[in-house]
Amino acid sequence: MHIVLLCATNRGYRFAETLFDIGQGHRFTVFSFQETPWEPRYFAEIKHLTLERGHEFNEARNVAQSKWEGFWASESVDLMLMVSWRYLVPTSVFQRARRGTYVFHDSLLPKYRGFAPTVWAIRNGESELGVTLFQAVEDVDAGDIVDQRRVAIGACDSVGDVMRRVTGTYLDIVRDNFSSLLSGNFEKKPQDHDAATYTCKWTPDDGLINWNDTSQAVFDLIRATSKPYPGAFTYLNNRKLTVWSAELLASPRQYVSSAPGRVLEIRDDVGCLVLTGEGCILLKTVQFEGEPVINASKALNSLSQTLG
């Protein structure tokens, strides 16, 4: 069997590694693309893994470009899988796979169709998301579901915590469904399109903290954009300050001041309490651009300071 894998990110690397292990004896062709400047490295690792395992590797963002016409015309593709793939794959390409093309998506479809569903789910304060394996169709993330599993989001989980669980679920699903995808012996369930919700692309600029938001909203933004992402950020005296970790207090004081972003309290080696649009939040670790990560109490040293 000839299997084409379109993948990116560290999750794509882990997926390819697992797929090569469970698919020994099959032929694989892998497509990937270079990471953006703010992303963790993955491209070279995916390429090295693929070639080391004796498979074919190609770099491409648009697999329908004219340079790939010869590949799709001459190659017999049995199965195509997409993991963390961000670019449009037209029907003319994904219908080449004789046994179908299937996509792994980190949401409970039809909810959170589109970009960066894990980031948006945490940002929105969701208590769970999931992983869906579905058949590729022309519309975005709208194909019939082959398998779907829930993944919990803890109240204090960072995006890194959730991503590790989601990636583990990806690997469980491919292990459990690989043979069925090759044989065609499985059932599919159509999505409820009327219940669909969508996400837009997430960019680093979306990490800007709005101190007029509630404390919960600020906290959710910080944990949704922490490592391996670029982080939530604010400004202090025109210097960019990234906030890597924070904490909501169990019984905070009730402030009636109207100065969101104002430093309220400095707790040495613990953090700094900052006023929000509704309540307050304890900033713990922060980082000025080009400098090391430090405790917030080392960066914020005056009750006259206002972030924003």
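Index from 1, following the sequence.
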Is a side-chain N or O of Thr197 found less than 3.5 angstrom from the main chain of Tyr112, in a donor-acceptor match?
yes
In short, Ala136 meets Phe94 closest at the heavy-atom pair O-CE1, 3.6 Å
Would Met82 and Thr101 satisfy side chain to side chain contact (heavy atoms under 4.5 Å, CB included), going step by step from the backbone distance to the final call?
CA-CA 8 Å; Met82 289 189 254; Thr101 294; 3.5 Å; yes
Q. With the threshold set at 4.0 Å, does a side-chain nitrogen-carboxylate oxygen contact exist between Glu35 and Arg41?
A. yes
Discussion item. Quick check: is Phe233 connected to Val293 through a chain of hydrophobic side chains (ILVMFWY, heavy atoms under 4.5 Å apart)?
Written reply: no
Flag if over 12 foreign heavy atoms under 6.0 Å of CD, Glu278: no
| Is the ring centre of Phe178 less than 6.0 Å from the ring centre of Tyr102? | no
Shortest non-hydrogen pair, Ser32 vs Tyr42, comes out as OG-CE1, 3.9 Å
Exercise. Taking atom types as modelled, is there a side-chain donor on Asp205 or Thr203 under 3.5 Å from an acceptor on the other?
Worked result: no
Closest non-hydrogen contact found for Asp141 with Gly114 is OD2-N, 2.8 Å
For Asn177 and Ser180, test the side chains for any donor-to-acceptor distance below 3.5 angstrom and give the result as yes or no.
no
Discussion item. Go through it in stages, so that I can follow the logic: the residues are Tyr87 and Phe31, the test is side chain to side chain contact (heavy atoms under 4.5 Å, CB included), and I'd like the CA-CA distance, side-chain angles, deciding distance and then a yes or no.
Written reply: CA-CA 12 Å; Tyr87 301 98; Phe31 287 85; over 6 Å; no
In this structure, CG of Leu300 is separated from OG of Ser304 (nearest 0.5 Å) by 12.5 Å
Ser215 and Leu248 have their tightest heavy-atom pair at O-CD2, 3.7 Å
| Close side-chain approach of Leu307 to Ile209, heavy-atom, < 4.5 Å | no
Heavy atoms of Ala60 and Trp85 approach each other most closely as O-CH2, 3.2 Å
TODO: May I ask you to check if Arg14 and Tyr170 form a cation-pi contact, with NZ or CZ under 6.0 angstrom from the six-membered ring centre and within 45° of the axis?
DONE: no
Checking Glu39 against Thr36 for the side chain to side chain donor-acceptor pair (under 3.5 Å) test, could you report, in this order, the C-alpha distance in whole Å, the side-chain angles of both residues, the deciding distance, and whether it holds?
CA-CA 5 Å; Glu39 282 186 286; Thr36 56; 2.9 Å; yes
CG of Leu6 to CE of Met80, rounded to nearest 0.5 Å, is 6.5 Å
Original post:
Just wondering, more than 12 heavy atoms not from Asp192 lying within 6.0 Å of its CG?
Top reply: yes
message: So does Ala64 get a backbone contact from the side chain of Trp72, meaning a donor-acceptor N/O pair under 3.5 Å?
response: no
So do the side chains of Gln34 and Glu59 get within less than 4.5 Å of each other, counting heavy atoms only? yes
Non-hydrogen side-chain atoms of Arg175 and Asp172 separated by less than 4.5 Å
yes
*Ignoring hydrogens and angles, tell me if any N or O in the side chain of Thr234 forms a donor-acceptor pair with the backbone of Gly308 under 3.5 Å.*
yes
Passes side chain to side chain contact (heavy atoms under 4.5 Å, CB included), Leu208 versus Tyr235? Steps please.
CA-CA 9 Å; Leu208 177 64; Tyr235 289 92; 4.1 Å; yes
dist Ile222:CD1 -> Leu283:CG (nearest 0.5 Å) comes out at 6.0 Å
Between the CH2 atom in Trp202 and the OG1 atom in Thr225, the distance rounded to the nearest 0.5 Å is 6.0 Å
Answer yes or no: is there a side-chain heavy-atom contact under 4.5 Å between Asp213 and Leu221? no
For this session: Check the hydrophobic clustering (I, L, V, M, F, W, Y; side-chain heavy atoms under 4.5 Å; chains of links allowed) and say if Trp38 and Phe33 are grouped together.
Result: yes
- Determine the interplanar angle of the Phe20 and His55 rings, folded into 0 to 90°, and report it as parallel if under 30°, tilted if 30 to 60°, perpendicular if over 60°. tilted
Query raised in the report: How about Asn10 and Pro40: do any of their side-chain heavy atoms sit closer than 4.5 Å?
Result: no
### Query
Is Thr132 reaching over with its side chain to a backbone N or O of Phe134, donor-acceptor style, under 3.5 angstrom?
no
Val270 and Ser297 have their tightest heavy-atom pair at N-OG, 4.3 Å
Here the gap from Leu108 atom CG to Gln191 atom CD, rounded to the nearest 0.5 Å, amounts to 11.0 Å
### Task
May I ask you to decide if Asn212's main-chain N or O and Asn210's side chain share a donor-acceptor pair within less than 3.5 Å?
yes
Step by step, would you call Leu129 with Ile153 a side chain to side chain contact (heavy atoms under 4.5 Å, CB included)?
CA-CA 7 Å; Leu129 74 167; Ile153 303 175; 3.4 Å; yes
I'd like to know whether Arg123 forms a salt bridge (Lys or Arg N to Asp or Glu O under 4.0 Å) with Asp206, so could you lay out the CA-CA distance, the side-chain angles of the two residues, the decisive distance to 0.1 Å, and finally the verdict.
CA-CA 11 Å; Arg123 177 69 181 87; Asp206 296 319; over 6 Å; no
### Task
Report yes if some heavy atom in the side chain of Arg98 is under 4.5 Å from a heavy atom in the side chain of Ser76; otherwise report no.
yes
Under-4.0 Å salt bridge between Glu75 and Arg27
yes
Distance col, row Ile122:CD1 vs Ser158:OG, nearest 0.5 angstrom, shows 7.0 Å
So does Glu187 have more than 12 non-hydrogen atoms from other groups sitting under 6.0 Å from CD? no
_Taking CD in Gln254 as the centre, count heavy atoms belonging to other residues, nucleotides or ligands within less than 6.0 Å. Is the count above 12?_
no
Open item on the list: Do Phe104 and Met163 land in one hydrophobic cluster if side-chain heavy atoms of ILVMFWY residues count as linked below 4.5 Å?
Closed with: yes
Mind checking whether Leu133 and Phe186 have side chains closer than 4.5 Å, heavy atoms only?
no
Side-chain donor or acceptor of Arg223 paired with backbone N/O of Asp157 under 3.5 Å: yes
Exercise for review: Give the cluster check for Leu182 versus Val77: same hydrophobic cluster or not, with ILVMFWY residues linked at side-chain heavy-atom distances below 4.5 Å.
Suggested key: yes
Check: Has Tyr229 got more than 12 heavy atoms of other residues, nucleotides or ligands less than 6.0 Å from its OH?
Finding: no
Exercise. Between Glu291 and Lys298, is there a salt bridge with N-O shorter than 4.0 Å?
Worked result: no
Residue pair Pro190 / Asp144, side-chain heavy-atom distance below 4.5 Å:
yes
Exercise for review: Spell out, yes or no, whether Phe115 and Val140 are grouped together once hydrophobic residues are joined by side-chain heavy atoms under 4.5 Å, including indirect joins.
Suggested key: no
From the list Lys47, Arg53, His48, side chain to side chain contact (heavy atoms under 4.5 Å, CB included) with Leu51 holds only for Lys47
